[in-house]
Amino acid sequence: MEVTPNHTQAVSGWAAMDASGKVVPFAFKRRATGVDDVTIKVQYCGMCHTDLHFINNAWGITMYPVVPGHEITGIVTKVGTNVSGFKPGDRVGVGCIAASCLDCDHCSRSEENYCDKVTLTYNGIFWDGSITYGGYSNMLVAHKRFLVRIPDSLPLDAAAPLLCAGITVYSPMKQHGMLRGEAGRSLGVVGLGGLGHVAVKFGKAFGLRVTVISTSPGKEREARESLKADDFVLSTDDKQMQAMARSLDYVIDTVSAQHSLGPILELLKVNGKLVLVAAPDKPVELPSFPLIFGKRTVSGSMTGGMKETQEMMDLCGEHNITCDIEVVSTDRINEALARLERNDVRYRFVVDIGGNGSRI
């Protein structure tokens, strides 16, 4: 474990020590609350598929021990002398970003997520040279720039995954004009998981006609009844896919498994947009004909900047949008990780870090 002189605050957390996939209790230290810092008592932390990738070193970049977690909600306990926007007792959240250069064009536009020097909330290198540790821990010190306020109307547990899953789908929806509420616009959501179910909720809240595209026939009822999707297409059924050809303005693809984009592109109207927000381990198949003959665009999007994240959170407060969650106690983190690996969750696990009582 790295030692940095100003790291004086003792913390209890849960870390993966190697690529075995197990998380164990882990004691470490966080930096003292600096002049621009806010210290938070963590209440809840969402469990993202990215956590699995880092725990298992699937991308080959994990620095062990790794304390995962970047969907963090809690209560402010202390603020630095330069902090004016937050005070003790405030309800706040921390997402994927712990630091950026604050000086480049991206940072000046509050696109901190695209800064060349962006530091992730865990498994990153902070300004002081220390490795960042995430939200599977009982307290966190965050720079004021990388905090968002949680509206009073949103519960801290069901709001936690909005800090990753929520902003990851909100950002491209805003960028591609999906949130303008134009009559007759249609959205396809590929995959009905942690990201997909939030995309459906956003689409419905902003007046889009929403179609869920899935390989699982069992998800049709959930899509239509629970999430109020307008249509459901089984992507393995050629007839269903052909019947939906050239019917969608936008598609958000949330699937992190390797798959072909060809059949999905055929669902788009001429000039339609497909946005990838998941990260399959292997390249996806991208045939050229559906692109050329439909003047279609494929793009990617990664989380969101801080201004956009606050905007999303405020809109969720106004529209009462939260994530559908299963709360687990800290002694069940490994069980939840194993279930997440099997996609056995509807739709997001949230770890009850503060011991507020589990809700299944």
Side-chain angles (χ1 to χ4, degrees), residues 34-38 48 50 70-73 79-80 82-86 90 92-128 132 134 140-151 159 161-182 185 187 195 198-199 202-203 205-206 249-254 271 273-279 297-319 321:
V35 293
D36 293 312
D37 286 336
V38 175
C48 177
T50 302
H70 58 206
E71 300 179 340
I72 306 156
T73 57
V79 299
N82 285 353
V83 177
S84 56
F86 300 97
D90 283 352
V92 296
V94 174
C96 304
I97 308 171
S100 64
C101 80
L102 305 182
D103 199 37
C104 67
D105 288 345
H106 294 297
C107 286
S108 68
R109 292 194 296 263
S110 195
E111 293 178 345
E112 298 91 347
N113 47 318
Y114 296 115
C115 172
D116 285 345
K117 296 179 181 174
V118 68
T119 297
L120 300 179
T121 298
Y122 67 87
N123 203 71
I125 305 293
F126 195 64
W127 292 320
D128 62 8
T132 55
L140 188 80
V141 181
H143 185 277
K144 62 184 180 182
R145 171 90 171 237
F146 302 98
L147 272 181
V148 296
R149 190 177 302 282
I150 309 290
L162 293 171
L163 291 154
C164 172
I167 186 59
T168 296
V169 295
Y170 177 86
S171 183
M173 288 179 82
K174 182 183 179 186
Q175 177 190 342
H176 293 289
M178 298 184 217
L179 304 180
R180 290 200 290 263
E182 296 168 18
R185 292 293 214 174
L187 167 70
L195 276 69
V198 187
F202 283 150
F206 294 106
D249 294 290
Y250 316 103
V251 171
I252 288 188
D253 188 338
T254 71
N271 210 31
K273 311 276 193 298
L274 168 60
V275 185
L276 307 180
V277 294
T297 303
V298 178
S299 66
S301 185
M302 169 199 151
T303 183
M306 298 313 302
K307 187 177 177 184
E308 204 169 56
T309 304
Q310 186 66 66
E311 176 186 291
M312 174 220 55
M313 195 63 77
D314 292 341
L315 281 168
C316 287
E318 288 173 29
H319 291 273
I321 296 172

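Although no hydrogens or angles enter the test, the distance criterion places a donor-acceptor pair under 3.5 Å between the side chain of Thr132 and the main chain of Gly124. Side chain of Glu112 to backbone of His106: no donor-acceptor contact under 3.5 angstrom is found. Side-chain N or O atoms of Lys307 include none that pairs as donor or acceptor with a backbone N or O of Gly305 at under 3.5 Å. No donor-acceptor distance shorter than 3.5 angstrom exists from the side chain of Tyr114 to the backbone of Cys107, with no hydrogens or angles considered.
Residues Pro151 and Asp314 meet the side-chain proximity criterion, which asks for heavy atoms closer than 4.5 Å. The closest side-chain heavy-atom distance from Asn113 to Thr303 is below 4.5 Å. Contact check for Met178 versus Phe206: no side-chain heavy atoms found under the 4.5 Å cut-off. By the 4.5 Å heavy-atom criterion applied to side chains, Thr119 and Ile125 are not counted as neighbours. In this structure the side chain of Lys144 never reaches within 4.5 angstrom of the side chain of Asp37, judged on heavy atoms. Taking the side chain as every heavy atom from C-beta outward, Arg149 and Phe86 approach each other to under 4.5 Å. With contacts defined as side-chain heavy-atom distances shorter than 4.5 Å, the pair Ile97/Val118 qualifies. Using a 4.5 Å cut-off on side-chain heavy atoms (C-beta onward), Leu315 and Glu318 make contact.
Rounding to the nearest 0.5 angstrom, the gap separating the CG atom in Leu147 from the CG atom in Asp90 is 9.5 Å. In this structure, SG on Cys96 lies 7.0 Å from CE on Met302, to the nearest 0.5 angstrom. Between the NE2 atom in His319 and the CZ atom in Phe202 there is a gap of 9.5 Å [rounded to 0.5 Å]. Distance OG/Ser108 to CG/Leu102: 11.0 Å, rounded to 0.5 Å. Note that OG1 of Thr297 and CG of Asn271 are 6.0 Å apart. Values are rounded to the nearest 0.5 Å.
Annotation: Asp103, atom CG; neighbour count of heavy atoms from other residues, nucleotides and ligands within 6.0 Å does not exceed 12. Atom CG of Asp116 has 12 or fewer neighbouring heavy atoms from other residues, nucleotides or ligands inside a 6.0 Å radius.
Exactly one residue among Val277, Val275, Leu276, Leu274 makes a side-chain contact (heavy atoms from CB on, under 4.5 Å) with Ser299. That residue is Val275. Tested against Leu187 for a side-chain contact (heavy atoms from CB on, under 4.5 Å), the candidates Asp249, Ile252, Val251 yield a single pass: Ile252.
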- Please assess Tyr250 against Met173 for the test side-chain contact (heavy atoms from CB on, under 4.5 Å), listing each intermediate value before the final yes or no. CA-CA 9 Å; Tyr250 316 103; Met173 288 179 82; over 6 Å; no
- Tell me, with the steps shown, if Val38 and Phe146 meet side-chain contact (heavy atoms from CB on, under 4.5 Å). CA-CA 10 Å; Val38 175; Phe146 302 98; over 6 Å; no
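When all heavy atoms of Ala98 and Leu120 are compared, the closest pair comes out as CB-O, 3.7 Å. Among all heavy-atom pairs drawn from Glu71 and Cys48, the shortest one is OE2-CB, 4.1 Å. Smallest separation of non-hydrogen atoms from Ala99 and Phe126: CB-CE1, 3.7 Å. Of all non-hydrogen atoms in Ile321 and Ala205, the two that sit nearest each other are CD1-CB, 3.7 Å.
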Please output the side-chain donor-acceptor pairs of residues 163-171 that fall under 3.5 Å, not counting sequence neighbours, one pair per line with the distance.
from   : atom 1 : to     : atom 2 : distance (Å)
Thr168 : OG1    : Cys164 : O      : 2.6
Tyr170 : OH     : Glu311 : OE2    : 2.5
Ser171 : OG     : Glu308 : OE1    : 2.7

